[in-house]
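Not measured: the values here are computed from a predicted model. Below, read A as the first sequence line, B as the second, and so on, with proteins coming before strands; counting in each chain starts at 1.
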Protein chains: 2
Amino acid sequence: MTDKKINAKYTVEGRVWINSENFAFTGQGKIELIEKIKVLGSLRKAASEMKMSYRQAWQNIDKMNKLSEKPLVILKRGGKDGGIAEVTEFAENVILAYKNLQTAFDIFIKEQTKKLNI
Amino acid sequence: MTDKKINAKYTVEGRVWINSENFAFTGQGKIELIEKIKVLGSLRKAASEMKMSYRQAWQNIDKMNKLSEKPLVILKRGGKDGGIAEVTEFAENVILAYKNLQTAFDIFIKEQTKKLNI
DNA sequence: AATCGTTATTCACTAATAGATATAACGAAT
DNA sequence: ATTCGTTATATCTATTAGTGAATAACGATT
């Protein structure tokens, strides 16, 4: 017989990210941004699609690139299409690591919510 | 032989809290505030000792009281000492739950940092 | 060299947050 | 009734964060 006494009023929530030298260089928003860049090949379009200001998007990418070992997105201006935004293989690894983390965290949250005793 | 190949450049970080109907009614700051209230018997002194503005402290307590099932801190004004702030038994339970959660989360963070593969 | 759409950067404006200050309300103790 | 130190609340200011607009810089393609 399963225990049905679940208190749904209180839940555990939280956030996780990966840090590099005092800067959270991942986080849901940034991961999503990189993924959109990968699809669209453009920082401007990616930001626009996320309804994130271009400025903020650029700053995020710039910080991530500068504060991590290797760049995550290579931005080039000029050229045929005005410029390109290229997602590096390193970024792919980071995204994978973040997703694994997030998956584990989701499980953690569920467990802890179940354990809540208030 | 222990694996010494630890990449200390990247770490997992995060935050957890307990939610009640769309309001994070716990969090390190709020828990600390309640604990200080318990010791000092005064919201004003507790806020002052934490270098938190009285206004913010009062608002936090007020929200917590209103948005949770039972009040966590009972505030009374007037009287011999000008007023009193009383921590309820319910608040004690919440604090305990939060600390258990935090302990588990600390372990989670360590594990995940160790697993980081970037 | 002219064009194009992007990256890169600045500036001014706005909204939101935090803080400080001041003061009213309170009621047990005297 | 007066006093006291607190709770409770309003108001103003300073700081910060975020947005939007405008524009310069770029370089492969034509």
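Between the side chains of B:Asp106 and B:Gln102, a donor-acceptor pair is found at a separation under 3.5 Å. Counting only N and O atoms by type, the side chains of A:Trp17 and A:Asn19 include a donor and acceptor under 3.5 Å apart.
In this structure, A:Leu75 atom CG and D:dC26 atom P are separated by 15 Å, rounded to whole Å. Between the OH atom of B:Tyr54 and the P atom of D:dT6 there is a distance of 10 Å, rounded to whole Å. One atom, CG of B:Leu43, and another, P of D:dT9, lie 12 Å apart when rounded to the nearest Å. Rounded to whole Å, atom P of D:dA17 lies 16 Å from atom CE of A:Met52.
In this structure, A:Ser20 and A:Ser68 approach most closely via the heavy-atom pair OG-CA, 3.9 Å.
Ion pair B:Glu35/B:Lys99 flagged as a salt bridge, since at least one NZ, NE, NH1 or NH2 atom sits closer than 4.0 Å to an Asp/Glu carboxylate oxygen. Taking a cutoff of 4.0 Å between a charged side-chain nitrogen and a carboxylate oxygen, B:Asp62 and B:Lys66 qualify as a salt bridge.
Checking C:dG19, C:dA24, D:dT9 against every side-chain atom of B:Arg77, the shortest atom distance belongs to C:dA24. Which of C:dG19, C:dA29, C:dC11 sits closest to the side chain of B:Lys80 comes down to C:dA29. Listed nucleotides: C:dA8, D:dA8, D:dT6. Nearest to the side chain of B:Lys45: D:dT6.
The shortest distance between the side-chain N/O atoms of A:Ser53 and the OP1/OP2 oxygens of D:dG18 is not below 4.0 Å.
Although no hydrogens or angles enter the test, the distance criterion places a donor-acceptor pair under 3.5 Å between the side chain of A:Thr26 and the main chain of A:Ile18.
Nearest-nucleotide positions on DNA chain D for A:Gly82 and A:Lys51 put A:Lys51 closer to the 5' end.
If you check distances only, the side chain of A:Arg55 never reaches the base of C:dT9 with a donor-acceptor pair under 3.5 Å.
In the region residues 58-66 of chain A, proximity to DNA chain D at under 4.0 angstrom, judged on heavy atoms, holds for none of the residues.
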